[in-house]
Amino acid sequence: AALADPRVSSIHVIEALSEVIDWHARGLVPLGHELTADERCTFVHGDFFAMIAAGLPIEIGDSLDALLLDIDHTPGHLLNADHATFYHPEGLRRVVDHLRPGGAFSLWSDEFSPNAEFVTVLESVFATVDAHVVDFPNHYTGGESTSTIYVAGTAD
């Protein structure tokens, strides 16, 4: 969807697994061919959490309009316990450091409703915070699923 916006000049997808990058290149995942064929989209092999803590690579830059994250199940249900500090104010301040004034941070979370504690953490770091509950067709179950998308913005 982001690439459909003509204002988007580049997207960098940070992926920890080289196999997933290869699946995109070979068109084995939905939209794989479309993403890899678009010259504005670049896949970067690496650990997002290590990169955000140490400073993003120069090719990604430190002045982003948006940082969109979909890694852990929820801020409290992590794929790796090492990710936990990212979801605290000090970790999220690193995101702010990489965003332009008026920039946006968005986080997908596999939650049926917003987590009030995480919203409070976001509010302690960002100028604006909103949580959107979204329903979508789940092709695995044949039914509908619900997730929460957190959207936070920096001051202008």
Side-chain angles (χ1 to χ4, degrees), residues 1-21 23-24 29-32 35-36 38-136 145-156:
L3 287 169
D5 189 321
R7 298 173 297 175
V8 173
S9 62
S10 66
I11 291 179
H12 301 276
V13 178
I14 300 172
E15 174 55 55
L17 301 173
S18 60
E19 295 85 358
V20 173
I21 294 171
W23 297 342
H24 280 82
V29 296
L31 300 176
L35 293 173
T36 55
D38 193 308
E39 62 187 30
R40 298 171 297 161
C41 185
T42 303
F43 283 80
V44 178
H45 181 234
D47 178 339
F48 167 79
F49 296 102
M51 287 180 173
I52 201 76
L56 293 174
I58 192 72
E59 67 268 17
I60 295 175
D62 278 338
S63 189
L64 306 174
D65 291 314
L67 196 150
L68 314 175
L69 187 62
D70 175 4
I71 296 178
D72 291 313
H73 299 295
T74 73
H77 183 196
L78 310 176
L79 294 175
N80 183 322
D82 292 342
H83 301 172
T85 58
F86 174 80
Y87 298 98
H88 295 280
E90 61 275 7
L92 292 168
R93 282 188 196 100
R94 292 185 184 121
V95 170
V96 172
D97 292 343
H98 292 288
L99 292 174
R100 290 185 176 133
F105 168 67
S106 182
L107 172 73
W108 170 88
S109 181
D110 189 24
E111 297 170 296
F112 296 105
S113 63
N115 177 314
E117 289 179 30
F118 186 61
V119 169
T120 299
V121 170
L122 288 169
E123 289 173 338
S124 74
V125 176
F126 291 92
T128 61
V129 175
D130 201 1
H132 305 273
V133 176
V134 294
D135 297 319
F136 58 93
S145 289
T146 302
S147 292
T148 298
I149 307 295
Y150 298 96
V151 180
T154 61
D156 289 330

Which value, rounded to the nearest 0.5 Å, describes the distance between [X] atom [atom1] and [Y] atom [atom2]?
X	Y	atom1	atom2	result
Arg100	Thr154	CZ	OG1	11.0 Å
Ser10	Asp65	OG	CG	8.5 Å
Leu78	His73	CG	NE2	9.0 Å
His83	Asp72	NE2	CG	5.5 Å

Under the ring pair (Phe, Tyr, Trp, His ring centres under 6.0 Å) rule, what do Phe105 and Tyr150 come out as? Steps first, then yes or no, please.
CA-CA 8 Å; Phe105 168 67; Tyr150 298 96; 9.0 Å; no

Ring pair (Phe, Tyr, Trp, His ring centres under 6.0 Å) involving His24 - partner list, sequence neighbours excluded
Phe43

Please list, chain by chain and in numerical order, all residues satisfying ring pair (Phe, Tyr, Trp, His ring centres under 6.0 Å) with His45, sequence neighbours excluded.
none

What are the two closest heavy atoms between [X] and [Y], and how far apart are they?
X	Y	value
Phe126	Gly153	CB-O, 3.4 Å
Arg40	Asp5	NH1-O, 3.6 Å
Val151	Ser106	CG2-OG, 3.9 Å
Thr74	Asp110	CG2-O, 3.7 Å
Leu107	Pro75	CD2-CG, 3.9 Å
Pro114	Val133	CD-CG2, 3.7 Å

Non-hydrogen side-chain atoms of [X] and [Y] separated by less than 4.5 Å:
X	Y	result
Val13	Cys41	yes
Thr146	Val134	no
Phe86	Leu69	yes
Leu67	Phe48	yes
Leu92	Val121	yes
Ile71	Asn80	no
Val29	Leu35	no
Ser147	Ser109	no

Applying side-chain contact (heavy atoms from CB on, under 4.5 Å), run through Val44 and Met51 and close with a yes or a no.
CA-CA 11 Å; Val44 178; Met51 287 180 173; 3.8 Å; yes

Counting distance only, does the side-chain N/O of Thr148 pair as donor-acceptor with the main-chain N or O of Glu111 below 3.5 Å?
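Yes, because the side chain of Thr148 sits within donor-acceptor range (under 3.5 Å) of the backbone of Glu111.
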
Expected output: side-chain Thr85 to main-chain Gly91 donor-acceptor under 3.5 Å:
no

